[in-house]
Amino acid sequence: MLPYATVEEAESVIGRSLTAAETLWFNYSATKSDYLLYCHNIVFLFILFSVVPFFFLFLEFFFEKSVSPYKIQPKVKLSFSETLHCYKSVMRMFFLVVGPLQLVSYPSIKFIGIRTSLPLPPLWEIVLQLCTYFIVEDYGNYWIHRFLHCKWGYDKIHRVHHEYTAPIGFAAPYAHWAEILILGIPSFLGPAIVPGHMITFWLWIAFRQLEAIETHSGYDFPWTLTKYIPFYGGSDYHDYHHYVGGQSQSNFASVFTYCDYLYGTDKGYRYQKKVLQQFREGLNNNIEQNNKVD
């Protein structure tokens with residue numbers, strides 16, 4: 001809760017006029033406790049888990065011919081009942097694990113210094129912090145993910161997430177309860193190292209889940225803005241990991257590709273891409289030669 005009763009009081013303390021964004025934040029958050037603001041994450045996650053994957057489902061059911069060239073595993077198509085089962089499982093974990101975890105983890109957020117106060121951070125600060133969070137989470141997730149692919153980790157925990165060898169958006173958070181808890185650690189490390197504003201924390205949670213949903217969407221659209229992010233893996237990169245399944249020792253990173261490259265765990269993926277490229281080139285050459293003969 002902000003320690004100011006009016007906008008004028010806030011401006012006198014800060015020593016300048018509030019920006020439009022700061023005035024909006026004051027009007028929204030002045031009478032809300034910090035705990036209530038933090039718990040907004042529960043609403044955000046529920047909306048993201050429910051609405052964003054539906055976009056890909058909508059495209060598949062109503063614009064199948066238009067989007068089918070971009071489907072990574074075109075021979076695999078889940079029925080509506082199978083998709084609904086996935087969503088129900090995700091929601092069960094959401095209400096039994098994710099939601100309660102959000103409710104009880106607030107003291108740790110206060111401890112590391114996530115603030116709700118004015119002034120709001122400048123845009124450049126938010127962007128730099130978000131980039132830091134993604135890099136830190138990606139590195140930590142890489143090693144935890146590798147551990148989950150050892151025999152014990154896979155058989156006891158991670159195999160649940162790999163039930164979908166051709167992932168869909170709803171399957172992004174589909175996992176064993178223990179995996180949800182474990183992978184929450186690297187997601188928390190970034191904000192713990194570089195604590196920021198609650199708005200930055202909201203954005204971090206939202207963007208991380210949007211990224212996870214996209215990489216599990218099963219589609220590799222050429223116009224996706226994330227293709228312009230350096231070293232970004234994307235849906236095709238992570239789809240290979242699911243396609244290989246439990247025996248996969250490749251593409252462990254959650255967001256970027258540099259860890260897999262540095263530690264040599266992308267060789268299977270790069271070999272597959274090379275073979276497919278050679279096959280396409282050979283096929284195109286044969287078509288050209290046949291056209292010349294005709």
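Note that these values count all heavy atoms, side chains included, but never hydrogens, waters or copies made by symmetry. Here the structure is a predicted model, which means the values were calculated and not measured. In what follows, residues are counted from 1 in the order of the sequence shown.
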Side chains of [X] and [Y]: closer than 4.5 Å at any heavy-atom pair?
X      : Y      : result
Phe201 : Tyr38  : yes
Glu22  : Phe26  : no
Gln249 : Thr265 : no
Trp202 : Leu37  : yes
Tyr269 : Val244 : no
Thr200 : Tyr133 : yes
Phe56  : Phe61  : no
Tyr4   : Leu118 : yes

To check you understand the geometry: which heavy-atom pair defines the closest contact between [X] and [Y], and what is its length?
X      : Y      : answer
Leu203 : Ile126 : CD1-CG2, 3.9 Å
Arg115 : Leu120 : NH2-C, 4.2 Å
Phe94  : Ile42  : CZ-O, 3.3 Å
Gln102 : Ser105 : O-OG, 3.3 Å
Gly268 : Ser250 : N-OG, 4.2 Å
Pro167 : Asp239 : CD-OD2, 3.4 Å

Just how far is it from atom [atom1] of [X] to atom [atom2] of [Y], taken to the nearest 0.5 Å?
X      : Y      : atom1 : atom2 : value
Trp204 : Cys131 : CH2   : SG    : 10.5 Å
Thr257 : Leu262 : OG1   : CG    : 9.0 Å
Glu125 : Gln129 : CD    : CD    : 4.5 Å
Leu57  : Phe62  : CG    : CZ    : 8.5 Å
Leu183 : Ile157 : CG    : CD1   : 9.5 Å
Ser117 : Asp34  : OG    : CG    : 8.5 Å

Exercise for the section: Could you go through the ring pair (Phe, Tyr, Trp, His ring centres under 6.0 Å) check for Tyr263 and Tyr142 one step at a time? Expected result: CA-CA 10 Å; Tyr263 300 114; Tyr142 172 85; 5.5 Å; yes

Practice task
Please work out which of the three classes, parallel, tilted or perpendicular, describes the rings of Phe46 and Phe95, given edges at 30° and 60°.
Solution key: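 Tilted.
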
Handout entry: Parallel, tilted or perpendicular: rings of His162 and Tyr154 (30°, 60°)
Key =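 Correct class here is tilted.
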
Is it true that a side-chain atom of [X] and a backbone atom of [Y] form a donor plus acceptor pair closer than 3.5 Å?
X      : Y      : value
Ser235 : Tyr219 : yes
Glu137 : Pro186 : no
Tyr35  : Leu103 : yes
Ser50  : Ile47  : no
His241 : Tyr237 : no
Lys71  : Val67  : no
His238 : Thr215 : no
Glu82  : Ser79  : yes
Glu214 : Gly169 : no
Trp25  : Ala30  : no

Can you confirm whether or not the ring centre of [X] sits under 6.0 Å from the ring centre of [Y]?
X      : Y      : answer
Tyr87  : Phe170 : yes
His149 : His158 : yes
Trp143 : Phe252 : no
His242 : Tyr164 : no
Phe58  : Phe63  : yes

Exercise for the section: Test ring pair (Phe, Tyr, Trp, His ring centres under 6.0 Å) on His40 and Tyr28 and set out the steps. Expected result: CA-CA 12 Å; His40 281 42; Tyr28 181 76; 5.7 Å; yes

Exercise for the section: Could you tell me whether Lys273 sits above the aromatic face of Tyr271, with NZ or CZ closer than 6.0 angstrom to the six-membered ring centre and within 45 degrees of the axis? Expected result: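 Ring-cation test returns no.
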
Problem - Worked check of salt bridge (charged side-chain N to carboxylate O under 4.0 Å, His left out) between Asp260 and Arg270 - result: CA-CA 11 Å; Asp260 284 303; Arg270 286 192 286 140; over 6 Å; no

Practice task
Can you establish whether the number of heavy atoms outside Tyr243 located under 6.0 Å from its atom OH is more than 12?
Solution key: no

Exercise for the section: Report, as yes or no, whether the 6.0 Å neighbourhood of atom NZ on Lys227 holds more than 12 heavy atoms from other residues, nucleotides or ligands. Expected result: yes

How about [X] and [Y]: does a side-chain donor come under 3.5 Å of a side-chain acceptor?
X      : Y      : result
Tyr258 : Asp266 : no
Thr224 : Thr226 : no
His145 : His161 : no

Exercise for the section: Look at the side-chain heavy atoms of Ile, Leu, Val, Met, Phe, Trp and Tyr, link any pair under 4.5 Å apart, and say whether Leu128 and Phe231 land in one connected group. Expected result: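 No: no chain of side-chain contacts under 4.5 Å links Leu128 to Phe231.
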
Handout entry: Leu24: side-chain contact (heavy atoms from CB on, under 4.5 Å) partners, not counting sequence neighbours
Key =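 Checked Leu24 against side-chain contact (heavy atoms from CB on, under 4.5 Å); zero matches.
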
Handout entry: Contacts of type side-chain contact (heavy atoms from CB on, under 4.5 Å), residue Glu64, not counting sequence neighbours
Key =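 With neighbours one apart ignored, the set is Lys77.
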
Practice task
Considering only NZ, NE, NH1 and NH2 on the basic side and carboxylate oxygens on the acidic side, decide whether Asp138 and Arg208 come within less than 4.0 Å.
Solution key: no

Problem - Those residues that, when tested against Glu11, pass salt bridge (charged side-chain N to carboxylate O under 4.0 Å, His left out) (two or more places apart) - result: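 Partners of Glu11 under the salt bridge (charged side-chain N to carboxylate O under 4.0 Å, His left out) test: none.
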
